[in-house]
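First the structure, in the form of structure tokens, and then the observations on it.
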Amino acid sequence: MKKNVINLSFLIIGLIVGTLIIFSPVIITGASYDVQRVMGNLLVAEFILRTSSLIIGLLVVYDAMKTFSKKQ
């Protein structure tokens with residue numbers, strides 16, 4: 001019983017960390033991706049940063065769910 005509670009808590013923490021990583025560019029900048037505000041090379045850099053944070057966040061969520069299902 002205690003292992004299930006610990007595994008569930010690790011799953012919840014992994015999901016929270018993953019969603020924080022996904023939304024970190026929005027939290028830091030205070031705005032969503034806006035083509036009108038950003039110009040030039042910063043547009044490409046912001047797009048790459050937002051895309052990579054989405055991918056890393058999804059990988060964290062996937063790893064948390066995979067670890068939880070493996071330990072069940």
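Computed over heavy atoms, backbone and side chain alike; hydrogens, waters and symmetry mates excluded.
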Below 3.5 Å, can you tabulate the donor-acceptor pairs from side chains in residues 6-23 to any protein atom, sequence neighbours excluded?
from, atom 1, to, atom 2, distance (Å)
N7, ND2, K3, O, 3.3
S9, OG, V5, O, 3.4
S9, OG, I6, O, 2.6
T19, OG1, L15, O, 3.1
T19, OG1, I16, O, 2.9

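- Contacts of S52 classified as side chain to side chain donor-acceptor pair (under 3.5 Å), with partners at least two apart in sequence or in another chain: none.
- A chain of hydrophobic side-chain contacts below 4.5 Å, direct or via other Ile, Leu, Val, Met, Phe, Trp or Tyr residues, connects V61 to I27.
- Separation of atoms CG (L43) and CD1 (I48) is listed at 10.0 Å; rounding is to 0.5 Å.
- Judged by distance alone, the side chains of S24 and R50 never bring a donor and an acceptor atom under 3.5 Å apart.
- Rounding to the nearest 0.5 Å places OG1 of T51 at 11.0 Å from CD1 of I56.
- Between the side chain of S69 and the main chain of K66, a donor-acceptor pair closer than 3.5 Å is present.
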